[in-house]
Amino acid sequence: MPSGDPSSWSVPVSKSAQSTLNPIRRLTDTKTVTNPAKEMISLSIGDPLAYGNLATHPYVIDCLKKNAEIPSKSGYAPSMGYETSRQAVAQYCNVESTSLTARDVILASGASGALELAMCVLLNPGDNILLPRPGFSLYNTIAGCKGFQVKYYDLCADKNWEANIEHMRSLVDNKTRAILVNNPSNPCGSVYSATHLQEILAVAEEFKVPIISDEIYADMTFKGHKFFPIASLTRTVPVLAIGGLAKRFLLPGWRLGWILVHDHGSEALAGVRAGLVALSQLILGPNSLVQSILPDILQNTPSSFFDETMHTLETHARFMHERIAKIPGLTPVEAQGAMYQMIGIQLDKFKEIHDDVDFMRKLLAEESVFVLPGQVFEYPAFFRVVLCAPLPKLQEACDRLAAFCARHASSALPQN
């Protein structure tokens, strides 16, 4: 056996690894300082199952158990997914402007995996993509890893997080390869009207730039708001729509997502289709057992299950908005869907709170309430809360938040 000094080794890390940073995971996966006298209340990660008060429907579990007994259901699937499973997704997601078939569906390892495929099939290193600000941090994480450039278009808090269309238009150049739209939104909890989506489509049409539409929260809307798949509102703009089981079916750990290719009968995305198939072969597709139950669960999961889930989330959202609006120094933006709410911090109303990250760290250290600072979404002076915890937990979190804000108030502010 060759001998030598282990300390003489120095193995370099790749540029891709050095360029990869997920700010949410950096915060949530790192050991943090909390108040040992108070139980942790985490409102940081969008895992609907974290507290056990929400769960998928028993029918879904029964389908999985049944297919787990069939050896062939656990074998290798085609890299883009079983045809029967892709056809089930096509039928589930069909829109009038595009008659989807199995050919138009690529299955992926969660919506996150689908997003990576969609971005990688459209962009080369040095190309740019327009992303929403605030927006889900994974978009920038993927871009950084792959060498894609990012341009942020602003969302307007005073207009329920609608995109600033003129700002979006101003960002497009000859290196822009896609506009990413997230509706319903993480982190904002906003739901776009058909009119606003058509304004975004007009920009895409003008500059001939395709849309990547992150629709993982499809149909997760509160009363008075309706979800419109962006592809349903155009017969010309190419759209790669992202979906999956994680949120609406409450199955985040099962890692089953998809891409819908909407080319409206044209050949505009012919090369993209072939590229998606090629990229899907990198990991040989998502979990085959979960794929195998898609035809059953997409068609037969009772609608009452979805209604009950949304009733719970809407009840939580209404409570959080009303309660936090009474805390001096905080300005919540009312959620319209999904499972999140963004809350503004009036930093001038607090002493010794330097920014939203400082707010988050001190709130965690003093009150053991964990929220995500707006900076991880490229939007300082805000923080995001997740609405999935049981209502008593949310009530306790708000009580602690109010106490924290009163303790750090720059002057004696009245409590409403």
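One-based numbering along the sequence shown. From a predicted model like this one, the values you see are computed outputs, not experimental measurements.
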Please check if the side chain of [X] supplies one atom and the backbone of [Y] the other of a donor-acceptor pair under 3.5 Å.
X      : Y      : value
Asn186 : Gly189 : no
Ser109 : Gly113 : no
Gln336 : Val191 : yes
His57  : Phe305 : no
Thr34  : Pro36  : no
Gln87  : Ala102 : yes
Thr234 : Ala231 : no
Lys247 : Gly46  : yes
Asn124 : Asp127 : no
His316 : Ala389 : yes

TODO: Under the ring-ring contact (aromatic ring centres under 6.0 Å, His included) rule, what do Tyr340 and Tyr217 come out as? Steps first, then yes or no, please.
DONE: CA-CA 11 Å; Tyr340 310 100; Tyr217 297 94; 5.6 Å; yes
Check your understanding: For Glu366, which of Arg407, Lys38, Arg400 qualifies under salt bridge (charged side-chain N to carboxylate O under 4.0 Å, His left out)?
Key ->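 Checked Arg407, Lys38, Arg400 against Glu366; only one passes salt bridge (charged side-chain N to carboxylate O under 4.0 Å, His left out): Arg407.
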Any donor-acceptor pair under 3.5 Å linking the side-chain atoms of [Y] with those of [X]?
X      : Y      : value
Thr176 : Asp173 : yes
Glu308 : His311 : no
Ser14  : Ser16  : no
Ser190 : Asn160 : no

Taking all non-hydrogen atoms of both residues, which atom of [X] and which atom of [Y] are closest, and how far apart?
X      : Y      : answer
Met80  : Val105 : CE-O, 3.9 Å
Asn94  : Leu100 : OD1-N, 2.7 Å
Leu43  : Ala397 : CD1-CB, 3.9 Å
Pro380 : Asp356 : CA-OD1, 3.5 Å
Ile242 : Ala111 : CG2-O, 3.7 Å
Val237 : His264 : O-NE2, 2.8 Å

- Item | Plane angle bin for Phe359 and Phe383 - parallel if under 30°, tilted between 30 and 60°, otherwise perpendicular |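 The arrangement is parallel - the two ring planes meet at less than 30°.
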| said: Please verify the inter-ring angle class for Phe404 with His408; under 30° counts as parallel, over 60° as perpendicular, anything in between as tilted. | reply: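 Phe404 vs His408 ring planes: tilted.
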Just one of Ile200, Val95, Leu197 clears the side-chain contact (heavy atoms from CB on, under 4.5 Å) bar with Leu233, so which one?
->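 By the side-chain contact (heavy atoms from CB on, under 4.5 Å) criterion, Leu233 pairs with just one of Ile200, Val95, Leu197: Leu197.
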Practice item. Among Ile216, Leu245, Leu117, find the residue that satisfies the side-chain contact (heavy atoms from CB on, under 4.5 Å) test when tested with Trp258. Key: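 When Ile216, Leu245, Leu117 are each tested with Trp258, the side-chain contact (heavy atoms from CB on, under 4.5 Å) holds only for Leu245.
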Q. What pairs meet the side-chain hydrogen bond (donor to acceptor under 3.5 Å, both in side chains) rule with one or both residues in residues 273-290, with sequence neighbours excluded?
A.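 Sorted result for residues 273-290: Ser79-Ser280, Asp104-Arg273, Asp263-Arg273.
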Does Glu206, at its CD atom, have more than 12 non-hydrogen atoms belonging to other residues, nucleotides or ligands within less than 6.0 Å?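 Enclosed.
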Are [X] and [Y] side-chain neighbours, meaning at least one heavy-atom pair lies under 4.5 Å?
X      : Y      : result
Phe350 : Ser410 : no
Val290 : Arg255 : no
His196 : Ile165 : yes
Pro132 : Tyr153 : yes
Leu401 : Ile327 : yes
Val272 : Leu122 : yes
Ile230 : His262 : no
Tyr379 : Leu155 : no

Flag the pair [X] and [Y] as a salt bridge only when some basic side-chain nitrogen lies within less than 4.0 angstrom of an acidic carboxylate oxygen.
X      : Y      : answer
Arg169 : Glu166 : yes
Lys362 : Asp358 : yes
Glu322 : Lys326 : no

(Q) Evaluate Lys73 against Lys66 for side chain to side chain contact (heavy atoms under 4.5 Å, CB included), listing each step before the verdict. (A) CA-CA 10 Å; Lys73 302 298 185 183; Lys66 176 183 174 183; over 6 Å; no
Check your understanding: Between Phe148 and Tyr139, does the ring centre distance come in under 6.0 Å?
Key ->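 For Phe148 and Tyr139, the ring centres are not under 6.0 Å apart.
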Rounded to the nearest 0.5 Å, how far apart are [atom1] of [X] and [atom2] of [Y]?
X      : Y      : atom1 : atom2 : value
Arg323 : Leu330 : CZ    : CG    : 10.5 Å
Ser368 : Leu363 : OG    : CG    : 9.0 Å
Glu116 : Leu138 : CD    : CG    : 8.5 Å
Phe370 : Arg361 : CZ    : CZ    : 8.0 Å
Ser193 : Phe227 : OG    : CZ    : 13.0 Å
Asn67  : Asp296 : CG    : CG    : 7.0 Å

| request: List the steps and the verdict of side chain to side chain contact (heavy atoms under 4.5 Å, CB included) for Cys93 and Glu215. | output: CA-CA 11 Å; Cys93 299; Glu215 299 176 355; over 6 Å; no
*Let me see the working for Leu260 and Val89 under side chain to side chain contact (heavy atoms under 4.5 Å, CB included), right down to the final yes or no.*
CA-CA 9 Å; Leu260 309 175; Val89 172; 3.8 Å; yes
Legend entry - Face-on cation placement of Arg248 at Phe306 ring, 6.0 Å and 45° thresholds: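 Cation-pi check for Arg248 and Phe306: passes.
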Checking Val150 against Asn128 for the side chain to side chain contact (heavy atoms under 4.5 Å, CB included) test, could you report, in this order, the C-alpha distance in whole Å, the side-chain angles of both residues, the deciding distance, and whether it holds? CA-CA 5 Å; Val150 165; Asn128 70 68; over 6 Å; no
